[in-house]
Amino acid sequence: MVKVSKSKYITNPVYLRGVLMGAILAVGANAWLYALQGYQKRKEEEERSVKTIKQTLLNTADSTSEEKLERCSAILKYGIAEDGRMVRYYTNHALVYNQQMRIPVWVAEHLTKENLQGKSTRRFATFMPDPAVDEEFTAENSDYWKSGWSRGHMSPAGNNKINPAAMQDSFYLSNVVPQNYENNAGYWNRLEMYCRDLTKKYSNVYIISGPAMIPEEEEDGKKYVKYQVIGENEVAVPTHLFKVIIVEDKHGATKAVSAFVVPNKPIGFEHHLKEFEVDLPGLERVLGIKLVKNLDRDKVESLCKVDGCKLIGKKEFELYFIGRKLESANTRERVEKVWSELEEKKLKPDRYLKKLYQKKLEEFEERERAKGS
DNA sequence: CGGATTGATATG
DNA sequence: CATATCAATCCG
């Protein structure tokens with residue numbers, strides 16, 4: 001059956017014959033003959049002309065690449081349009097930047113036990129526009145202020161303690177995307193910790209991270225890509241974040257690879273990282289980026305299958321940053337307040353934390369004695 | 001570890 | 001005077 005309601009069938013010869021049959025009944029045999037002759041004539045003409053064009057192309061269109069280059073050089077007299085999607089190199093990471101969205105396309109890192117060491121901290125680094133990005137295409141801090149979104153590192157500060165230059169490079173907004181606060185400090189933070197932890201087991205950990213805009217089906221049943229933009233520069237808020245992790249043994253042999261796509265929203269402790277694992281080719285199709293080129297994929301197993309992809313647990317996580325807060329506390333009151341968090345959250349301090357607490361208290365007692373004397 | 005906010009000070 | 005900069009403080 002021919003569905004005339006669909007426009008694509010209008011030009012179908014079968015449909016055209018149907019129209020012609022209608023014409024016969026309507027206007028009689030003479031008219032039918034006339035119409036048929038006209039149709040056949042037009043059809044023959046069209047076939048002839050298509051054949052002619054094909055023949056012409058075959059005979060004349062095989063211009064050399066030099067000729068094409070010469071012609072296109074003329075066409076591009078006013079310059080070749082640039083989107084700034086070159087690879088940009090930094091002290092401890094590499095990335096491609098998206099000038100339209102004002103966020104990275106992808107950010108690549110290489111982690112080892114050794115290059116995770118160092119004393120550089122975020123205290124001496126500042127979020128700022130990347131001086132290597134054209135001013136007209138950069139994000140600014142003001143875009144993020146009061147936007148409801150935090151500035152989320154793709155190459156995290158915690159991976160760049162090796163020296164101050166690496167630390168500062170990671171604070172350029174070319175390495176930053178608008179990220180949900182809770183996601184950034186929570187789930188994504190734990191994923192980054194897991195990556196660092198992998199260096200204890202694997203000699204080399206290669207990571208590619210970045211934003212993803214995932215299409216979503218709306219009420220009309222059609223799919224759309226929808227994302228918020230923030231600030232004067234209209235920085236794009238990714239719907240998701242992706243991370244690809246490749247691990248190697250001490251011989252440089254690839255041991256496992258996994259790709260993850262995490263929604264840019266709060267994710268609780270009840271979600272296992274495996275829930276967000278996706279197949280790499282699928283991710284690459286969504287992104288339109290061949291993320292990993294030098295890898296024999298069929299021979300490499302899933303990281304989650306090999307290593308488990310277990311993130312740090314809730315209690316362990318909370319204890320960890322209570323320790324961090326305790327270390328940075330500079331008044332007795334602050335120490336006591338942080339310590340009281342343990343009771344509130346029903347956490348039991350480990351030996352390290354107890355020692356740290358005692359050490360801090362002694363520190364302040366000594367300071368007070370020094371003042372008094 | 002991941003972040004923001006505020007207030008004092010310096011600067012044009 | 002308005003806007004950078006930095007130190008201190010805070011939260012998950």
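Order of the sequence lines sets the chain letters (A, B, ...), proteins ahead of strands, with each chain counted from 1. These figures come from a predicted structure and were not determined experimentally.
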message: I need the single residue from Asp143(A), Asn184(A), Asn141(A), Asn175(A) that forms a side chain to side chain donor-acceptor pair (under 3.5 Å) with Arg151(A). Which is it?
response: Asn141(A)
message: Salt bridge or not between Glu140(A) and Arg102(A)? Use side-chain N to carboxylate O under 4.0 Å.
response: no
Residue pair [X] / [Y], side-chain donor-acceptor N/O under 3.5 Å:
| X | Y | value |
| --- | --- | --- |
| Lys243(A) | Ser209(A) | yes |
| Asp134(A) | Tyr97(A) | no |
| His110(A) | Asn204(A) | yes |
| Gln179(A) | Asn264(A) | no |
| Ser258(A) | Glu277(A) | yes |
| Asp169(A) | Thr91(A) | yes |
| Tyr320(A) | Arg324(A) | yes |
| Asn92(A) | Glu109(A) | no |

- line: Span of DNA chain C engaged by chain A, first through last nucleotide within the 4.0 Å heavy-atom cut-off, is dT9(C) to dG12(C)
query: Which parts of residues 168-194 of chain A get close to DNA chain C, meaning a heavy atom less than 4.0 angstrom away?
result: Ala185(A), Asn189(A)
DNA chain C contacts made by residues 112-149 of chain A, counting heavy atoms under 4.0 Å: none
query: Between His271(A) and Phe276(A), what is the ring plane arrangement, given parallel below 30°, perpendicular above 60°, and tilted in between?
result: tilted
- prompt: Should the ring pair His93(A) and Tyr90(A) be called parallel, tilted or perpendicular, given that the plane angle runs from 0 to 90° and is split at 30 and 60?
  reply: parallel
Distance-only donor-acceptor pairs under 3.5 Å for side chains of residues 279-286 of chain A, two or more places apart:
residue	atom	partner	partner atom	Å
Asp279(A)	OD2	Gly282(A)	N	3.1
Glu284(A)	OE1	Arg297(A)	NH1	3.0
Glu284(A)	OE1	Arg297(A)	NH2	3.2
Glu284(A)	OE2	Leu291(A)	N	3.0
Glu284(A)	OE2	Val292(A)	N	3.2
Glu284(A)	OE2	Arg297(A)	NH2	2.8

query: How long is the line joining CG of Leu241(A) and C1' of dG3(B), in whole Å?
result: 15 Å
Euclidean distance, atom CD of residue Glu341(A) to atom C1' of dC1(B) [Å, nearest integer]: 14 Å
Under the disulfide (SG to SG under 2.5 Å) rule, what pairs show up with a residue in [range], not counting sequence neighbours?
| range | value |
| --- | --- |
| residues 324-369 of chain A | none |
| residues 142-226 of chain A | none |
| residues 101-158 of chain A | none |
| residues 277-309 of chain A | Cys304(A)-Cys309(A) |

task: Quick one: label Lys345(A) by what it contacts on the DNA or RNA (base, sugar-phosphate, nothing), any heavy atom closer than 4.0 Å.
output: nothing
message: Atom CD of residue position Glu270(A) - does it have more than 12 heavy atoms of other residues, nucleotides or ligands inside 6.0 Å?
response: yes
- prompt: Taking atom CG of Leu76(A) as the centre, does the number of heavy atoms from other residues, nucleotides or ligands within less than 6.0 Å exceed 12?
  reply: yes
query: Got a sec? Which of residues 150-160 of chain A come in under 4.0 Å of DNA chain B, heavy atoms?
result: Ser150(A), Arg151(A), Gly152(A), His153(A), Pro156(A), Ala157(A), Gly158(A)
Sorted by number, the residues of residues 313-326 of chain A with heavy-atom contact under 4.0 Å to DNA chain B: Tyr320(A), Phe321(A), Arg324(A)
- prompt: Does Asn183(A) reach the main-chain N or O of Pro263(A) with its side chain, forming a donor-acceptor pair under 3.5 Å?
  reply: yes
- prompt: When you check every protein heavy atom under 4.0 Å of nucleotides 7-12 of chain B, what one-letter string (B, S, -) results, 5' to 3'?
  reply: ------
message: Expected output check: what is the dot-bracket annotation of DNA chain C, where ( ) and [ ] are pairs inside the strand (brackets for crossing ones), | is paired with another strand, and pairs are Watson-Crick or G-U under 3.5 Å?
response: ||||||||||||
